[in-house]
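Chain naming here is simple, since letters A, B, ... match the order of the sequence lines and numbering starts at 1 in each.
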2 protein chains.
Amino acid sequence: MRISKNIDCKNCELKCDIYTASIEIDEDPVKLKPTYAYYSKNEYISKQGTNVSHAIFLINGSAKIFIEGLNNKNIILYLMTPNTYIGLLSFFETPYYLYSVKAMEDTTICMVEIEVLKSLYLKNHDFLLKLNKAFGKSVAQILNKIITLNQKHIRGRIADSLLYLSQIYGSDYFEMKLSRKELGELSGVSEENAVRLLTEFKNDNIIDVKGRKINIKDRHLLTQISNLG
Amino acid sequence: MRISKNIDCKNCELKCDIYTASIEIDEDPVKLKPTYAYYSKNEYISKQGTNVSHAIFLINGSAKIFIEGLNNKNIILYLMTPNTYIGLLSFFETPYYLYSVKAMEDTTICMVEIEVLKSLYLKNHDFLLKLNKAFGKSVAQILNKIITLNQKHIRGRIADSLLYLSQIYGSDYFEMKLSRKELGELSGVSEENAVRLLTEFKNDNIIDVKGRKINIKDRHLLTQISNLG
DNA sequence: ATTCAACATTGTTTTTAAACAATATTTTGT
DNA sequence: ACAAAATATTGTTTAAAAACAATGTTGAAT
């Protein structure tokens, strides 16, 4: 992990909500003291149980947000792509992270101290509402995950994950940044069964698999499998 | 369900956040146009998929908040007791409920139109922060539920639920308002196995069971079962 | 180019918990 | 008080998915 402090938001292509909020109240974004951090693949961006000291915004790359559960088993809640908050879920209630985040590739994030953020949303209502909206979105995703994990069979769960990945990568053809084990963790399925189901889907002509490259050939059927559970 | 409109907050014992927020900005709580609704056991207070039009606050009684999943199977997320919000989770993001709420006994709730609430938190920051806190608390509960459902065996899950219930009812001895089936839904366990495990815990001298009356005799052991999964 | 480690695959066994089935008990409505 | 419905209980069977085991493949490091 490498850090560069006091980023000048003018040079940042990503005009995030925090920046916008700062501008809206005629405050110089320099006051936000934004800090970039660069992570390599598999580095922790935040670790379950540690203190939430900064708001974290993903600039580029990608990351997985996951719960470190019992017996060293992880559950990946969802993936993070540019332009999303990392710290949100533990933002308002708990002073420590309820989950961990790891970079899935070379990833840049921008941090703003939580106290700075607080003073910002005290001055700017709209900003707080935006935070809430993003927060609500995460929750909706998580509720959906509960149904999936609890009520669908592994076939339906893997189908879910594949559809989710295609949405994340914005195409029916994509190269996922996940290992088979991680695909399993995203789906609540053992590594072995994740492999087996990919093969099965391939044999059924629903997808093409070549390593981590996936091509969804029959989205309709895959959706059906997901819906039926 | 029976309704009484234009409640006078002065007569309400429960001085809720909404009331306090209203007072803080020197606004007459009459403007909130609070409405009470009285529900009998098993009546829907809100139904998954319908519009979120009001903020709902539980005055007395109790309710279960649950997802109506696939194949008519429910997952109870948690129980609601007086002085908690009902609508929160779907508040900021979606215009419709992501879950349902049903009264578990005779229950009184107070509703305030969402537009009224919005204008209130636009005037009062602290109030919005309080909403956020409550929101965050719900999320923490739900994350915990994911681990439980996904990584613990049914023994640990039922142990979890019993500990949770004792916390809700504020005692090691309590009469739960849940049927065996509902205890299963709270724990992600079939009705039959819920029964079986209660019997098992009873035989192991960890709890006493008489109908819906539960007495936790060995909290230490029960906690251990919960932790080990 | 070779070795080691991480990742992926496939078959087999075992465990877990749901589903099914039958019956008992309690509650509710008339 | 009685029938009917809802709830609870217990034993048995079946299905699902993890765990185990063995082997293959790929890729990075030297």
Side-chain angles (χ1 to χ4, degrees), chain A residues 40-42 64 69-75 102 104-106 148-161 175-203 207-214 225 228-229, chain B residues 40-43 64 69-76 102 104-106 148-161 175-203 207-214 225 228-229:
Chain A
S40 327
K41 194 175 168 182
N42 280 327
K64 58 178 178 180
L70 311 165
N71 307 115
N72 291 320
K73 279 203 207 155
N74 300 327
I75 305 171
K102 269 189 182 176
M104 286 162 60
E105 59 189 307
D106 286 350
T148 298
L149 289 178
N150 195 247
Q151 306 199 326
K152 289 188 185 177
H153 289 169
I154 50 172
R155 223 176 130 76
R157 284 186 245 163
I158 291 285
D160 270 8
S161 290
E175 173 159 14
M176 59 183 185
K177 300 277 189 305
L178 301 165
S179 69
R180 298 297 193 261
K181 185 166 177 225
E182 287 174 316
L183 178 63
E185 287 174 349
L186 179 64
S187 319
V189 166
S190 70
E191 184 183 358
E192 294 94 325
N193 279 332
V195 170
R196 247 183 283 264
L197 285 162
L198 285 183
T199 311
E200 210 178 297
F201 286 160
K202 184 177 154 188
N203 292 339
I207 60 172
D208 256 350
V209 186
K210 191 167 266 180
R212 294 185 180 186
K213 295 195 189 75
I214 307 280
I225 292 169
L228 292 177
Chain B
S40 326
K41 193 175 168 180
N42 280 327
E43 270 189 293
K64 57 177 179 180
L70 312 165
N71 308 114
N72 291 320
K73 279 203 207 156
N74 300 326
I75 304 170
I76 298 178
K102 269 189 181 177
M104 287 163 60
E105 60 189 306
D106 287 351
T148 298
L149 290 178
N150 195 247
Q151 305 198 327
K152 289 188 185 177
H153 291 166
I154 51 172
R155 224 176 128 78
R157 284 186 245 165
I158 292 285
D160 270 8
S161 290
E175 173 159 15
M176 59 182 186
K177 300 276 187 310
L178 301 164
S179 70
R180 298 297 193 260
K181 186 167 176 219
E182 287 174 315
L183 177 64
E185 288 174 348
L186 179 65
S187 318
V189 166
S190 70
E191 183 183 359
E192 293 93 327
N193 278 331
V195 170
R196 247 183 284 266
L197 284 162
L198 285 183
T199 312
E200 210 178 297
F201 285 160
K202 184 176 153 189
N203 292 338
I207 60 172
D208 256 350
V209 186
K210 191 167 266 179
R212 295 185 180 186
K213 294 195 190 76
I214 307 280
I225 293 169
L228 291 177

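Of the possible polar contacts, none joining the R157(B) side chain to the V189(B) backbone as a donor-acceptor pair under 3.5 Å is found. No side-chain donor-acceptor contact under 3.5 Å links E105(A) to the backbone of K177(A).
Put simply, CD1 on I214(B) is 11 Å from P on dA8(D), counting in whole angstrom units. What separates CD of E191(B) from P of dT9(D) is a distance of 9 Å, to the nearest Å. The distance between atom CG of N150(B) and atom P of dA17(D), rounded to the nearest whole Å, is 12 Å. For the pair Q151(A) CD and dA19(C) P, the computed distance is 10 Å after rounding to whole Å. In this structure, K152(A) places its NZ atom 19 Å from C1' of dA18(C), rounding to the nearest Å. In this structure, the CE atom of M176(B) is 11 Å from the C1' atom of dA8(D), given to the nearest Å. We find that CZ of R196(B) is positioned 11 Å from P of dT12(D), with the value rounded to whole Å. E192(B) has its CD atom 8 Å from the C1' atom of dC20(C), to the nearest Å.
Across all strands, R212(B) comes closer than 4.0 Å only to sugar-phosphate atoms, never to a base (heavy-atom distances). Residue-level contact check: G188(A) touches the backbone only, with heavy atoms under 4.0 Å from sugar-phosphate atoms and none from bases.
Listed here is the closest heavy atom pair of V209(A) and L198(A): CG2-O, 4.1 Å.
Regarding contacts with the backbone of dA6(C), every side-chain N or O of S179(A) stays at 4.0 angstrom or more from both OP1 and OP2. Phosphate contact (OP1/OP2 of dA19(C), side-chain N/O of K73(B), threshold under 4.0 Å): present. For R155(B), no side-chain nitrogen or oxygen approaches OP1 or OP2 of dT16(C) to under 4.0 Å. Dashed line: the shortest gap from a side-chain N or O of S190(B) to OP1 or OP2 of dA19(C) is not under 4.0 Å.
Minimum atom distance to the side chain of I154(B) is reached by dA18(C), of the listed dA18(C), dT9(D), dG11(D).
Side-chain contact check for R212(B) versus R180(B): some heavy-atom pair is nearer than 4.5 Å. In this structure, the side chains of N150(B) and K73(A) stay at 4.5 Å or more apart for every pair of heavy atoms.
The residue among K41(B) and N193(B) whose nearest nucleotide of DNA chain C is located toward the 5' end is N193(B).
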Check nucleotides 24-30 of chain D against the protein and report each pair of N or O atoms closer than 3.5 Å, with its distance, or say if there are none.
none

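Taking CD from E182(A) and CG from N42(A), the interatomic distance works out to 6.5 Å, rounded to the nearest 0.5 Å. From I154(B), atom CD1 reaches atom CD of E200(B) across 8.0 Å, with rounding to the nearest 0.5 Å.
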